[in-house]
There are 2 protein chains.
Amino acid sequence: MAFSIKEASERLGCPAPTIRYYEKEGLLPYIQRDKHGNRQFEQEHLDWIRLMTCFRATGMKMSVLKRMVNLALDGDSTIPQRKAILNQYKEELFVRQRELAEALDAVNNKLAIYEDIEKGRVVSESAMLAQMEVQQQSIKR
Amino acid sequence: MAFSIKEASERLGCPAPTIRYYEKEGLLPYIQRDKHGNRQFEQEHLDWIRLMTCFRATGMKMSVLKRMVNLALDGDSTIPQRKAILNQYKEELFVRQRELAEALDAVNNKLAIYEDIEKGRVVSESAMLAQMEVQQQSIKR
DNA sequence: GCTTGCCTTAAAGTGCGCTTTAACGCTTAG
DNA sequence: CTAAGCGTTAAAGCGCACTTTAAGGCAAGC
């Protein structure tokens, strides 16, 4: 039960050229070919691509994915290194969470100020000044 | 009370060339020059740059920042449009929050599986297979 | 037999957000 | 007087992650 690249692409919502590119970059070892040289994706490959997509969407670089693949190819003895990579990535995720929370805070603040202006509760001296005022209130925590 | 580009750069932890680049791209209107043509940053400019940095770090594109600046320059009548942009950005922040949560889940799952392998609770058939097993467990929610 | 539709590859192109370079000017300290 | 240290500009370069293009191969249906 193997998938063509088109099927893989459809199931993953990921363009076929991108999948080929990942393989070329060494992120997808062990993909077999049929007698015509066409790639045959197994469910495990789709799962791995999905995980990579998840990690990529949250800031993991391809070079890091590649290091993980290479370590995996070297066997279980590299598990400590892989754990270290994942733990570092996890820290980055926490940083991003804080960044998101801050941005959410700032955007809510700016929205609230716009409402104030709309309801005439705040006099906006000039367009740019209004812009600036927003900062001062939303940035200083 | 104005700042030189060097002072601005130091206070913001943002390279001076980046600040110049932002001005060139129209993200920083109204920056005055002294008699030598040197930029004079006011506190409001620093605050605005800081806010832009916050938004940029969480995925807002420069083109969106530029649209907001242009709208702000057109006065209070554009506040509804600016609100719309911010509300859309807010939705994107929520998407990113979900992506982060998913990634965090997946990484914790993978870490747990590595621990299992290390403690011999799981037999890893091959390096790549181990890699794949992780996916199946961490992805299917 | 020929078009359609899938696949292949290598290589070039794209978009974004900086970052670096090069060439130059002003001002202050030694 | 000159070197250090700040500023300026336009233009080129870079890193990343794709994306597109070009040229071709195989197989099924009309």
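Order of the sequence lines fixes the chain letters, A, B, ..., with proteins taken first and strands second; residue numbering starts at 1 for each chain. Predicted, not measured: the structure shown is a model, and the values here were computed from it. Below, each value reflects all heavy atoms present in this structure, side chains not excepted, and no hydrogens, waters or symmetry copies.
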For C/dC26, does OP1 or OP2 lie under 4.0 Å from any side-chain N or O of B/Arg33?
no
Remember a base hit wins even if backbone is also touched, and classify B/Ser4 as base, sugar-phosphate or nothing at under 4.0 Å, heavy atoms.
sugar-phosphate
Can you confirm whether A/Glu25 sits close enough to A/Met62 that some side-chain heavy atom of one is under 4.5 Å from a side-chain heavy atom of the other?
yes
Is it the case that one hydrophobic cluster holds both B/Val95 and B/Met60, taking links as side-chain heavy atoms less than 4.5 Å apart, direct or via other members?
no
CD/A/Gln43 to CE/A/Met1 distance, rounded to the nearest 0.5 angstrom?
9.0 Å
Expressed as a whole number of angstroms, how long is the span from A/Asp34:CG to C/dC6:C1'?
11 Å
Would you kindly give the CZ-to-P distance between A/Arg39 and C/dC6, to the nearest whole Å?
16 Å
Separation of atom CE in B/Met52 from atom P in C/dG17, rounded to whole Å:
12 Å
Between P of D/dC16 and OH of A/Tyr22, the distance in whole Å:
15 Å
Proximity to the side chain of B/Pro17 - top-ranked nucleotide from C/dT20, D/dA17, C/dT9:
C/dT20
Between P of D/dA17 and CE of A/Met60, the distance in whole Å
12 Å
C/dC6 C1' sits how many Å from A/Ile5 CD1, rounded?
11 Å
Calculate the interatomic distance between A/Tyr21 atom OH and C/dT8 atom P; express it in whole Å.
18 Å
Measure from the side-chain heavy atoms of B/Lys6 and tell me the nearest of D/dC6, D/dC18, C/dT8.
D/dC6
For a side chain to side chain donor-acceptor pair (under 3.5 Å) check, start with the C-alpha distance between B/Glu91 and B/Asn87, then their side-chain angles and the critical distance, and finish with the verdict.
CA-CA 6 Å; B/Glu91 289 308 313; B/Asn87 277 316; over 6 Å; no
Value rounded to 0.5 Å, distance of CD1 in A/Ile117 from CD1 in A/Ile113:
7.0 Å
Among C/dT19, D/dT9, C/dT8, which nucleotide has an atom closest to any side-chain atom of A/Asn38?
C/dT8
Rounding to an integer number of Å, can you tell me how far A/Ile19 CD1 sits from D/dC18 C1'?
13 Å
With a non-hydrogen cut-off below 4.0 angstrom, is B/Arg20 in contact with a base, only sugar-phosphate, or nothing?
base
Between C/dG17, D/dC18, D/dA27, which one does the side chain of A/His36 approach most closely?
D/dA27
Hey, which sits more toward the 5' end of DNA chain D by its nearest nucleotide, A/Thr18 or B/Lys24?
B/Lys24
